[in-house]
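Reviewing the structure listed below.
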Amino acid sequence: MSSKAEESVETTSGESKPITFAEKQAERMKRLRSLHTARNEARTHNHQEVVAEEARNKLPPNYEAKRRQAEWLMDDKEKRDEAEKQGKDYDRVKLLHISAVEAERLDRKKKNKRNPDQGFSTYEQATIRQYNRLIKNMPAADMEQYDKQKQKYGDAFYGGPNVIIHGMHDDRKEAVDKMVNDLEGQIAKRAKYSRRRTHNDDADIDYINERNAKFNKKLERFYGEHTAEIKQNLERGTAI
């Protein structure tokens, strides 16, 4: 009976030591508690990961980019403040640590960001781009002149519904010349734009589709003067 309830284990000295059923049961319970603890820790960790993943899924798609941009702006502001305290020009100091290729890329990116040409989307966007282009060339506001005109015209300065302001303001010659130059520049720039030509019903139809018509125009542009006589002979039926 005792042989079934007892087992032996080999000690470090090489001697076998009998283990009772109670000791064996205690060892198993210890391992079981360890497994329970590990399972609870894994369950807690998985729950935390699920909550964190759900929170990340609720964030906007560009959250990481915005976060990196905010960190960069904060770091850049700290460096700029530090440079100002030392009496240095931060923009020049920053250029010392970047390559010429990177500096050229940043300058090109800055120019494109001022008034990027994204093509025509809506008339509203086209008007906004035109407005931004016009005010970009305007000089800084002269607040002293602004206050003088405000005192001179009084209520008529803001042009209310019951105020007649026609003939009260005198246009400066410099402002008129600047407006004329700007309008002439717009006209010259607009003249360079190409537009889709309207279809001429009286023209000869020598094509089968629009692509073929474009190809024929190219041929006419490059070889028209050399093949004009051949074409006339073919049309009259007198070609040899």
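Note that this is a predicted model, so its numbers are computed, not measured. Heavy atoms only: backbone and side chains are in, while hydrogens, waters and symmetry mates are out.
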Tabulate below the donor-acceptor pairs under 3.5 Å that side-chain atoms of residues 225-232 make, not counting sequence neighbours, or state none.
| from | atom 1 | to | atom 2 | distance (Å) |
| --- | --- | --- | --- | --- |
| T227 | OG1 | Y223 | O | 2.9 |

Exercise for the section: Could you list the residues that satisfy salt bridge (Lys or Arg N to Asp or Glu O under 4.0 Å) with K30, not counting sequence neighbours? Expected result: none
Practice task
Please check if F215 and I208 belong to a single hydrophobic cluster, counting links between Ile, Leu, Val, Met, Phe, Trp and Tyr side chain heavy atoms closer than 4.5 Å.
Solution key: no
Practice task
Check the pair E220, N216 against side-chain contact (heavy atoms from CB on, under 4.5 Å), reporting the backbone distance first and the verdict last.
Solution key: CA-CA 6 Å; E220 180 67 20; N216 290 344; over 6 Å; no
Handout entry: Close side-chain approach of K94 to D76, heavy-atom, < 4.5 Å
Key = yes
Handout entry: Close side-chain approach of E84 to R80, heavy-atom, < 4.5 Å
Key = yes
Practice task
For the residue pair T20 and Q25, establish whether any side-chain heavy-atom pair is separated by less than 4.5 Å.
Solution key: no
Problem - Pairing residues for D89 by the side chain to side chain donor-acceptor pair (under 3.5 Å) criterion, not counting sequence neighbours - result: none
Handout entry: ring-ring contact (aromatic ring centres under 6.0 Å, His included): pairs with one or both residues in residues 70-93, sequence neighbours excluded
Key = none
Exercise for the section: Only counting residues at least two apart or in another chain, list the ones meeting side chain to side chain donor-acceptor pair (under 3.5 Å) with K150. Expected result: Y158
Exercise for the section: Check side chain to side chain donor-acceptor pair (under 3.5 Å) between K152 and all other residues, then give those that pass, not counting sequence neighbours. Expected result: none
Practice task
Any chance you could measure K214, atom NZ, to N209, atom CG, to the nearest 0.5 Å?
Solution key: 10.5 Å
Handout entry: Non-neighbouring partners of Y63 that pass ring pair (Phe, Tyr, Trp, His ring centres under 6.0 Å), sequence neighbours left out
Key = none
Exercise for the section: Identify, with sequence neighbours excluded, every residue that meets side-chain contact (heavy atoms from CB on, under 4.5 Å) alongside R39. Expected result: H36, R43
Completion exercise
Residues at least two apart in sequence or cross-chain that pass side-chain contact (heavy atoms from CB on, under 4.5 Å) with Q186, listed by chain then number, are Q130, R133, L134, D182, L183, R190
Completion exercise
Interatomic distance, CD@Q48 vs CG@N46, rounded to 0.5 Å, equals 9.5 Å
Exercise for the section: Decide yes or no on salt bridge (Lys or Arg N to Asp or Glu O under 4.0 Å) for D81 and K85, but give the supporting numbers first. Expected result: CA-CA 6 Å; D81 295 340; K85 291 179 181 179; over 6 Å; no
Practice task
Determine whether more than 12 heavy atoms belonging to other residues, nucleotides or ligands lie under 6.0 Å from atom CD of Q86.
Solution key: yes
Problem - Beyond-backbone contact of R221 with K218, side-chain heavy atoms, under 4.5 angstrom - result: yes
Problem - Stepwise side-chain contact (heavy atoms from CB on, under 4.5 Å) test for E53 and E49 - result: CA-CA 6 Å; E53 183 178 1; E49 288 294 330; over 6 Å; no
Fill in the blank from the handout: Tracing side-chain contacts under 4.5 Å among Ile, Leu, Val, Met, Phe, Trp and Tyr outward from V180 reaches V176
Exercise for the section: Using only heavy-atom distances, determine whether the side chains of R129 and N132 contain a donor-acceptor pair under 3.5 Å. Expected result: no
Exercise for the section: Any salt bridge (charged side-chain N to carboxylate O under 4.0 Å, His left out) involving residues 138-148? Give me the pairs, sequence neighbours left out, ordered by first then second residue. Expected result: E144-K148
Practice task
Can you run down the salt bridge (charged side-chain N to carboxylate O under 4.0 Å, His left out) pairs that involve residues 59-71, sequence neighbours left out, and say none if there aren't any?
Solution key: E64-R67, R67-E71
